[in-house]
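In what follows, residues are counted from 1 in the order of the sequence shown.
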Amino acid sequence: MIANLLLRGETPSPTPTPGVDPNSVTPGVIGFIAIVVVALIVVLLILDMVRRVRRVNYRAQINEQLDAEERERRENGDDPQHPDGPQRPDGPQG
């Protein structure tokens, strides 16, 4: 009997259950539009962040250059806060 079933080669195939509708489990057009909107918002946020970080870096560079110029003026005695020139610690000599 078992040999007879094996020789026939018939195997039962499962039938799908009729309870699942493929259209109800896919996101559809609304899901696609939602993902595109989210992706667009993310790209715009990244561009804005890059712009702001670049601006902060430029400001830091300019501040460093201004500080270096001010240090150089102080070392050379061209301090704008003291228009008389460098002051001697022991007072004016004359």
If we only count heavy atoms from C-beta on, is the [X] to [Y] side-chain gap below 4.5 Å?
| X | Y | value |
| --- | --- | --- |
| Asp48 | Leu44 | no |
| Arg59 | Val56 | no |
| Glu70 | Leu66 | no |

Give a yes or no on this: more than 12 heavy atoms of other residues, nucleotides or ligands lie within 6.0 Å of atom CD1 of Ile30. no
Arg55 CZ: over 12 foreign heavy atoms closer than 6.0 Å: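 Check passes, neighbour count above 12.
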side-chain contact (heavy atoms from CB on, under 4.5 Å) partner of Leu47, the single match among Leu45, Val50, Val43: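 Testing each of Leu45, Val50, Val43 against Leu47, the sole residue satisfying side-chain contact (heavy atoms from CB on, under 4.5 Å) is Val43.
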How far does CG of Asn57 sit from CD of Gln61, to the nearest 0.5 angstrom? 7.0 Å
Is it possible for you to say whether Val37 and Val29 belong to one hydrophobic cluster, with membership spreading through side-chain heavy-atom contacts below 4.5 Å? yes
Under a 4.0 Å threshold between the charged nitrogen and the carboxylate oxygen, would Glu75 count as salt-bridged to Arg71?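 Between Glu75 and Arg71 there is no salt bridge, as every charged N stays at least 4.0 Å from the carboxylate O atoms.
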